[in-house]
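Keep in mind that the numbers below use all heavy atoms, side chains included, and drop hydrogens, waters and symmetry copies. In this text the structure is predicted, and so the values were computed from the model without any measurement. Within every chain, numbering begins at 1; the chains are lettered A, B, ... in the order of the sequence lines, protein sequences first and strands thereafter.
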Amino acid sequence: MEYPFGAIERKWQQTWRERRIFNAPQKSDKPKYYVLSMFPYPSGVLHIGHASNYSIGDAITRLKLMEGYSVLQPMGYDSFGMPAENYAILHNSHPRLTTEENIAAMREQFDGMGFGLDWEREVSTCRPEYYRWGQYIFKRMYEKGLVYRKKSFQNWCEDCQTVLANEQVEEGTCWRCHGAVEQKELEQWYFKITDYAEELLDFSKVIDWPERVMTMQKNWINKSEGAKIDFVLENQDTKVPIFTTRPDTIFGVTFMALPPEHPLVQQWLAEPNADAALKDFCHKVINADKMLRSSAETVKEGVFSGKYCINPLNGDRVQIWITNYVLMDYGTGAVMAVPAHDQRDFDFAKKYDIPMKIVIQNPAKSLVLSEMQEAYTEPGIIVNSGKFDGMDSEAAKAAITAWVAENNWGEQTLTYRLRDWGISRQRYWGNPIPVIHCPKCGVVLVPDKDLPVKLPDNVQVGRTTSNPLLSVPEWLNVKCPQCGADARRETDTMDTFVDSSWYFARYADPKNTAQPFDPQLAKYWLPVDQYIGGIEHAVMHLMYARFVHKFMRDMGWVDSDEPFARLLTQGMVTKDGAKMSKSKGNTVDPQYIIDRFGADTLRVFLMFASPPEKDVEWSDDGLMGSFRFLNRVWRLIDTHQELIRKGLETTSDGDLSAEIADLRYHTHFAISRWHDDCLHRMQYNTAIAATMELLNAIIAIKAPEKLNEAELAIYAFACAALPKMLYPFAPHIAEELWQVLGAAKLLHDCGLPKFDKQYLCRDSVTYVVQINGKLRGKLEVPADIDHEELKALALEVENVKRSLEGFSIKKVIVVPGKMVSIAVASS
RNA sequence: GCGAAAGUGGCGGAAUUGGCAGACGCGCUGGACUUAGGAUCCAGUGAGGUUAAACUCGUAGGGGUUCGAGUCCCCUCUUUCGCACCA
């Protein structure tokens with residue numbers, strides 16, 4: 001007989017809704033706790049990955065409620081972007097309509113899972129009441145100098161018909177569609193995330209983040225210290241700044257390397273007498289696959305530009321080469337090449353027969369140019385460097401930099417790999433950038449009173465070669481708010497990562513119509529105490545959100561330095577060892593599981609199969625195991641409910657059988673483990689295992705109706721612990737059984753299951769006896785036994801005695817409560 | 001190539017501080033029951049060995065520290081992830 005999960009789940013979902021259990025109060029006597037799972041794109045269908053992810057957040061939510069916190073667990077939808085646009089095209093509809101339909105469908109499925117979400121705080125990024133404030137934030141950032149426009153080569157995804165930020169290019173492909181990314185010269189809007197590079201490297205204000213995520217962000221930002229030094233074009237005043245971390249090698253520069261994108265190179269190419277070979281080379285490199293080009297294995301190539309520049313330190317005349325191995329994106333986009341002391345420059349110089357110059361000697365073994373097979377990149381003694389000769393190269397770094405600064409040739413500087421965040425997207429379904437281009441006034445921000453700039457509805461969506469917004473003249477053409485002249489709206493929309501960079505703050509005050517959120521409310525709820533989401537957002541979303549949060553802090557809107565105090569990166573659900581996907585045909589439909597076995601069964605399986613940060617391998621058999629487990633709990637309590645209710649009203653004083661004393665120990669032990677696993681270790685799989693062990697211990701009592709009053713009290717206590725222990729994972733059945741046992745209150749309001757330390761101490765303890773680390777016997781002794789007495793007893797254990805024959809005892813060690821270890825040597 | 005994490009039965013996983021390896025679940029084997037179920041209950045289940053014990057081996061492989069190592073140290077292999085010409 002299966003327990004009636006369907007009726008139970010519907011009943012409690014309705015009760016929670018009616019009693020507003022999960023609608024977080026704006027004010028509370030209790031301490032606050034903000035649990036947030038990354039919001040989904042509203043696909044319209046609940047995926048097993050959603051079920052898994054949100055089960056974790058919900059377990060934490062219910063635990064924190066039991067613990068006495070005022071908990072906020074909101075939910076919303078990341079509803080702008082390509083997928084929504086494509087979905088609408090596929091269904092021959094409009095993204096506004098399909099998105100709202102999908103949201104309604106998903107909401108129903110979320111409720112079917114029994115998630116305790118505060119739906120009164122729902123946000124959806126594509127609704128004007130939300131994106132209005134995204135535009136408002138854009139404007140405030142603009143006013144603070146954190147937004148600018150720049151024309152340059154962009155990562156262009158042909159499939160998505162839009163540009164991508166550097167972070168959004170994965171192995172040369174688009175992070176979303178994995179189409180090829182090429183370079184295209186465009187004028188784009190940027191957020192100056194680099195202003196916060198230094199602070200983004202600092203994770204001292206987060207409480208608990210995975211080391212891995214912090215490392216990934218640090219690597220992404222990649223700070224390096226060095227010097228910026230101006231070389232000067234021969235016979236001209238034009239400066240060519242370079243960045244180097246090795247100023248100690250500057251006297252060894254024999255050529256300069258520039259990428260084809262370098263402005264100087266572009267200028268030379270534009271000259272009427274530009275060299276044809278140079279043109280061809282630049283064209284080839286710029287249009288080459290970006291992934292291939294930036295791979296260390298790619299053969300270094302270049303063309304001599306015919307131009308020279310002057311090394312300011314020694315006046316050397318240096319050839320300028322255009323190469324494929326220098327990145328326009330990093331440092332100043334120009335490299336002083338020191339082939340003797342840099343492997344890349346060495347390879348290049350060998351290939352093109354460019355001279356080399358040793359300026360650092362290996363103290364162990366003198367370098368000879370003609371014999372060098374690779375660059376010498378280690379520290380050493382400075383040579384051929386004028387007044388710095390003889391110095392230690394490490395010390396020379398500072399000395400040379402200081403000399404450079406003194407002579408105004410350059411300065412000490414920091415550089416980061418992190419680039420500014422390009423937020424322009426040439427798509428319809430996104431947040432319009434609130435800007436008007438006026439032929440007289442230039443860039444004019446849309447006045448706050450005119451926000452939001454609403455997306456027009458009458459647009460032909462589809463894969464177009466230009467931004468669909470260009471085809472809506474009544475939207476596009478406006479009067480300049482400053483001078484009233486005919487002007488045009490900006491048609492770029494914002495990267496959807498902008499929308500998701502502040503939503504966690506909007507949840508604090510989601511209906512505010514006067515500002516993004518009331519700072520008082522945001523200061524109350526933020527930071528998010530526990531954030532949960534996929535590792536795939538380790539760099540992009542999490543770094544953008546940290547950046548925008550720091551901006552909001554600087555505006556005084558929030559007062560925390562970090563948006564997410566604790567971060568849990570959950571694993572994905574796999575089947576047959578691979579990520580579930582339609583194309584592989586290895587998907588599982590959570591709705592079918594819910595209909596057939598109940599949401600509680602699904603949740604218990606997902607939480608039991610592995611710790612939250614690890615992947616879960618789907619198993620139909622495993623799911624059945626969870627279903628049987630819940631059925632066993634159900635049968636136990638349902639069958640004995642009257643007995644248990646009676647037992648709950650009696651006290652536990654009186655004689656106990658050994659069996660019941662044992663049950664009492666197991667009960668308190670299981671609850672204490674559950675506490676540790678749920679509250680400290682966040683290892684929910686073992687918390688469920690502890691609950692199963694308790695169930696097994698209770699079921700082992702075969703005839704509870706024959707127990708005396710004291711024993712029955714212990715039995716009932718054990719049974720009553722089960723619903724509480726199950727509540728975070730299987731809340732519906734837990735709530736139902738709790739009611740069956742006669743409770744008046746709902747479980748979230750009844751506190752954590754309690755255990756008593758005194759019952760964790762046992763009268764007698766089993767010690768194991770080891771000889772040289774090998775198990776040789778066991779003995780049962782009183783827990784408070786004297787160690788000397790214990791040693792003596794251990795030596796008398798039959799098997800131990802036999803094993804000791806022919807050996808002499810060197811040492812006997814007692815590990816309290818656990819073992820006696822005997823070290824022996826053959827005699 | 002660099003960096004990080006990991007490697008435990010047939011499977012998912014447990015072992016929290018260096019202290020009985022394999023909790024819990026799945027699967028499997030044998031049995032009971034019959035309302036024949038995706039049911040329930042009982043017993044067993046790392047490998048070898050034995051009638052049964054004893055005992056031996058065993059946490060990717062090899063060495064080491066220790067009375068004692070899945071756990072600490074060194075080397076090697078494999079897998080996953082991140083970075084990958086960053087000047």
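If you check every strand for non-hydrogen atoms under 4.0 Å, A:Val338 touches nothing. If you check every strand for non-hydrogen atoms under 4.0 Å, A:Asn772 touches sugar and phosphate atoms only. At a threshold of 4.0 angstrom between heavy atoms, the contacts of A:Arg596 include nucleobase atoms, whether or not backbone atoms are also involved. Using a 4.0 Å heavy-atom criterion, one finds that A:Glu693 contacts the sugar-phosphate atoms exclusively. Within the nucleic acid shown, A:Gly331 has no heavy atom closer than 4.0 Å to any nucleic acid atom. Among the atoms of the strands shown, none is found under 4.0 Å from any heavy atom of A:Lys218. When heavy atoms are screened at a 4.0 angstrom cut-off, A:Arg417 is found touching base atoms of the nucleic acid.
Taking every side-chain heavy atom of A:Lys818 into account, B:G19 is the closest of B:C85, B:G19, B:G38. Comparing B:G13, B:U56, B:G19 by their closest approach to the side chain of A:Lys774 singles out B:U56.
Here A:Lys579 does not pair with A:Asp615 in a salt bridge; the nearest charged N to carboxylate O distance is not below 4.0 Å.
Both A:Ile699 and A:Thr215 sit near RNA chain B, but only A:Thr215 has its closest nucleotide nearer the 5' end.
Atom P of nucleotide B:A54 and atom NZ of A:Lys778 are separated by 12 Å, given to the nearest angstrom.
Rounded to whole Å, the C1' atom of B:G3 lies 42 Å from the corresponding atom of B:U56.
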